[in-house]
Amino acid sequence: MAPIWRLLAAVLVGAALCAAGPAPLVEEFGEGWQGRWRHSTDDKYIGRFEVEDVFDDPALKVPAKAQHYGAAETLEEPLDPAKGLVVQYEAKWSEGHTCSGGYLKLFTHSAAFDANGLVENTPYTVMFGPDKCGQTNKVHLIVRHNNPINGTADEKHLMSPPRTPGNSLTHLYTAILKPDNTFAVLIDGKEEASGSLFDKFDPPFNPPKEIDDPEDKKPEDWVDNAKMPDPDAKKPDDWVEEAMIVDENATKPEGWLDDEPDVIDDPDAEEPEDWDTEEDGEWEPPKIPNPLCKSAPGCGEWSKPMIKNPEYKGEWRAPKIDNPDYKGPWSPRKIPNPHFYEDAEPLKNIGKIGAVGVEIWTMDSGIYFDNIIVAQDEELVTTYKEKWSQRHVAEEAEQEARRKKDTSRKEGAAGFLQDLADRPELEAIRPYLLPIVDVAENNTLIFYGVGLFALFFTLFGVISCCRRSSKVGAAAGEAHKKDITGPDDDVADGDDEDEDGKVETEPEAKGDDDDDEDDEGDEKVRKRRGTRRAD
């Protein structure tokens, strides 16, 4: 079911069309758009537009980047801009605006025009819309004006054009040319540029009556410097220009090695076997830092260091005085402009409009065009502004919801896992982490429940291990304290205990061999017990 705002907009648009009469072109890219819009068959234009819904409203889409696109729709009847012109359309860079044009070309009416034959230099009457790439960031308004004397065409560019909005929302672009030789450029219904056609375009619609004489040259004796150095000025005797002076209070550090050079011949270097004295010259060992200088303040001849001069005043320059030979700034004389003309109604000489199209090169994808209007009635575009406004409000609400969701995600477990998955060192297991991120983002309660369950069993396992370890440690400590051997200790330093608990002591072994065997036995016992006994 269509949104209420779309139904309301359709009613308003229908009412405007009935009141104002049929517009030369109102394109909403609904059913049958492929029959109205035809792609250029030139080999350069490999890109193919598609139509895709944006908030349940179909729009012309640029699906792929790094391609030339060209397509146009022919008007049912040519439109004469001398009676006024209104161009309006919506454009959206859903994936960001980095380097691409998004302007419309209103092609000049001609019986020979064929949309399939559209190329870059197909004559147009008006070019209007955003363009951004590198240092370029503007909303163009270019009017192609024909010289009324010789008929040559010249592009008139709006000076100081507005900048592109620079976000992913749908924006409304409107250009108005009026019969009284004024214009206006609006973005989202807000006027961003306006004025007279005669003083806001470059080159101007009417060339100047006079121009500089290209043959006129500045005389060699022409003086255009208003000031000059005072020739009678003298530098004061106490003026100091030396920035650095010798530090007379400095003394040679104790231990300075005056007779030792900073570098010496490498004593370990040897002349290469293949050294040819006749070809290579006399061999000299390479230099190395003098090792004696490492422990001394310095080597070689000592000299006092330089310090900043406290009396330094800088470089002296003579003061400036008025130049008695000054004649003022030079400029070439004026002559009548041989190409002068005066066109009081320039919109009558820009040509009728026969088609509208999009002819662009883009490094961005996901660009949408919609609700293109080429008309003479400003009320019609005002009605479509209401339609855009409803979409714009919906987009802003969606963007705000996404922003809140992203903020929540960054602050929660999903954000932590997403940051973890984005780490370069975990790229190999990223495909396994992303499903967990989706679960954490879309099923927060389930994720936290599973996490707490896993944490409980982890803590239970750690506590159990710690308790077992402490019991084993206590038993071992008690055994060490009482000097109790384990059940596997079959050697007890030569002492045997009888059934009554009495200790029978064997006679002390004599001889070196017996002593060695006793020592080996003691060492085995120590290793099994894990403690070190004093001999």
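- Taking the side chain as every heavy atom from C-beta outward, Pro338 and Ile211 approach each other to under 4.5 Å.
- Remark: Arg333 engages Asp216 in a salt bridge, criterion side-chain N to carboxylate O under 4.0 Å.
- Put simply, the side chain of Thr125 gets close to the backbone of Ile350: a donor and an acceptor are under 3.5 Å apart.
- In terms of heavy-atom proximity, Gly351 sits nearest to Asn146 at N-ND2, 4.2 Å.
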Practice task
Under the side-chain contact (heavy atoms from CB on, under 4.5 Å) rule, what do Ile142 and Arg144 come out as? Steps first, then yes or no, please.
Solution key: CA-CA 7 Å; Ile142 305 174; Arg144 199 163 174 267; 5.9 Å; no

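- Residues satisfying the ring-ring contact (aromatic ring centres under 6.0 Å, His included) test with Tyr124, not counting sequence neighbours, are none.
- Expressed to the nearest 0.5 Å, how far CG of Leu158 lies from CZ of Phe128 amounts to 10.0 Å.
- Contact of the Tyr45 side chain with the Leu118 side chain is not registered, since no non-hydrogen atoms from C-beta on lie closer than 4.5 Å.
- Among pairs with a residue in residues 270-284, none fulfils salt bridge (Lys or Arg N to Asp or Glu O under 4.0 Å), at least two apart in sequence or across chains.
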Practice task
Might you work through the side chain to side chain donor-acceptor pair (under 3.5 Å) test for Glu260 and Asn290, ending with a clear yes or no?
Solution key: CA-CA 8 Å; Glu260 290 291 338; Asn290 190 340; 3.0 Å; yes

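- A salt bridge links Asp212 with Lys334: the distance from a Lys NZ or Arg NE/NH1/NH2 to an Asp or Glu carboxylate oxygen falls below 4.0 Å.
- With rounding to the nearest 0.5 angstrom, the CD1 atom of Ile245 is 8.0 Å from the CD atom of Glu311.
- A distance of 13.0 Å separates OH of Tyr368 from CZ of Phe49, quoted to the nearest 0.5 Å.
- Remark: Asp370 does not engage Lys92 in a salt bridge, criterion side-chain N to carboxylate O under 4.0 Å.
- Ion pairing of Asp325 with Lys327 is absent here, as no side-chain N (NZ or NE/NH1/NH2) approaches a carboxylate O to less than 4.0 Å.
- Trp239 places no side-chain N or O within donor-acceptor distance of the main-chain N or O of Glu315, the cut-off being under 3.5 Å.
- Side chains of Asn137 and Gln135 form no contact here, defined as non-hydrogen atoms less than 4.5 Å apart.
- Surrounding CG of Asn150 are more than 12 heavy atoms belonging to other residues, nucleotides or ligands, all under 6.0 Å away.
- Ion pairing of Lys61 with Glu50 is absent here, as no side-chain N (NZ or NE/NH1/NH2) approaches a carboxylate O to less than 4.0 Å.
- Nearest approach of Val358 to Trp37, heavy atoms of both residues: N-CZ3, 4.1 Å.
- A salt bridge links Glu359 to Lys105: one of the charged nitrogens lies within less than 4.0 Å of a carboxylate oxygen.
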Practice task
List the steps, then state whether side-chain contact (heavy atoms from CB on, under 4.5 Å) holds for Asp154 with His145.
Solution key: CA-CA 5 Å; Asp154 195 12; His145 179 251; 5.5 Å; no

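- Nearest heavy-atom pair across Trp222 and Gly328 is NE1-O, 2.9 Å.
- The nearest pair of heavy atoms linking Pro297 to Pro253 is CB-CB, 3.8 Å.
- To the nearest 0.5 angstrom, Asp213 atom CG is 4.5 Å from Ile335 atom CD1.
- The aromatic rings of His140 and Tyr103 sit perpendicular, their planes meeting at an angle over 60°, well past the 30° parallel limit.
- Residues Leu141 and Val126 are in side-chain contact: their nearest non-hydrogen atoms beyond the backbone lie under 4.5 Å apart.
- Each salt bridge (Lys or Arg N to Asp or Glu O under 4.0 Å) pair with one or both residues in residues 117-136, not counting sequence neighbours, appears once here: Lys44-Glu120.
- With 3.5 Å as the limit, one finds a donor-acceptor pair spanning the side chains of Asp188 and His171.
- Side-chain atoms of Trp93 and Thr164 include no donor-acceptor pair closer than 3.5 Å.
- Side chain of Lys313 to main chain of Glu241: no donor-acceptor pair is present (N/O by atom type, distance under 3.5 Å, no hydrogens or angles).
- Between Asp265 and Lys287 there is a salt bridge, with a side-chain nitrogen of the basic residue lying less than 4.0 Å from a carboxylate oxygen of the acidic one.
- The two residues Ser365 and Pro63 come nearest to each other via the heavy atoms CB-O, 3.6 Å.
- One distance of note links CD of Glu301 with CG of Asp259; it measures 11.0 Å at 0.5 Å rounding.
- Side chain to side chain, Thr170 and Glu90 fail the donor-acceptor criterion of an N or O pair below 3.5 Å.
- Taking 4.5 Å as the limit, some side-chain heavy atom of Leu169 sits within range of a side-chain heavy atom of Glu396.
- If you take NZ on Lys138 and CZ on Arg163, they are separated by 11.0 Å, rounding to the nearest 0.5 Å.
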Practice task
Could you check Lys218 against Asp224 for side-chain contact (heavy atoms from CB on, under 4.5 Å), going step by step and ending with a plain yes or no?
Solution key: CA-CA 10 Å; Lys218 184 172 73 171; Asp224 49 13; 3.2 Å; yes

Practice task
Could you go through the side-chain contact (heavy atoms from CB on, under 4.5 Å) check for His157 and Asp202 one step at a time?
Solution key: CA-CA 5 Å; His157 293 248; Asp202 182 46; 5.5 Å; no

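- Counting only heavy atoms from C-beta outward, the side chains of Thr251 and Lys304 never approach each other to under 4.5 Å.
- Of the charged side-chain nitrogens involved, at least one lies within less than 4.0 Å of a carboxylate oxygen, so that Asp322 and Lys227 count as a salt-bridged pair.
- Listed for the Trp256 side chain is a donor-acceptor partner under 3.5 Å among the backbone atoms of Gly300.
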Handout entry: Audit row: Ser168, Ser94, side chain to side chain donor-acceptor pair (under 3.5 Å) steps and yes/no
Key = CA-CA 5 Å; Ser168 60; Ser94 63; over 6 Å; no

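- Summarising the geometry of Pro285 relative to Asp266, their closest heavy-atom pair is CB-O, 4.1 Å, with the distance given to 0.1 Å.
- Between Tyr69 and Ser40 there is no side-chain heavy-atom pair separated by less than 4.5 Å.
- A donor-acceptor pair under 3.5 Å is formed between the side chain of Asn337 and the backbone N or O of Pro208.
- Under the 4.5 Å side-chain criterion, counting only non-hydrogen atoms from C-beta, Cys133 is not in contact with Met363.
- Looking at Asp364, its side chain does come within 3.5 Å of a backbone N or O of Thr98 through a donor-acceptor pair.
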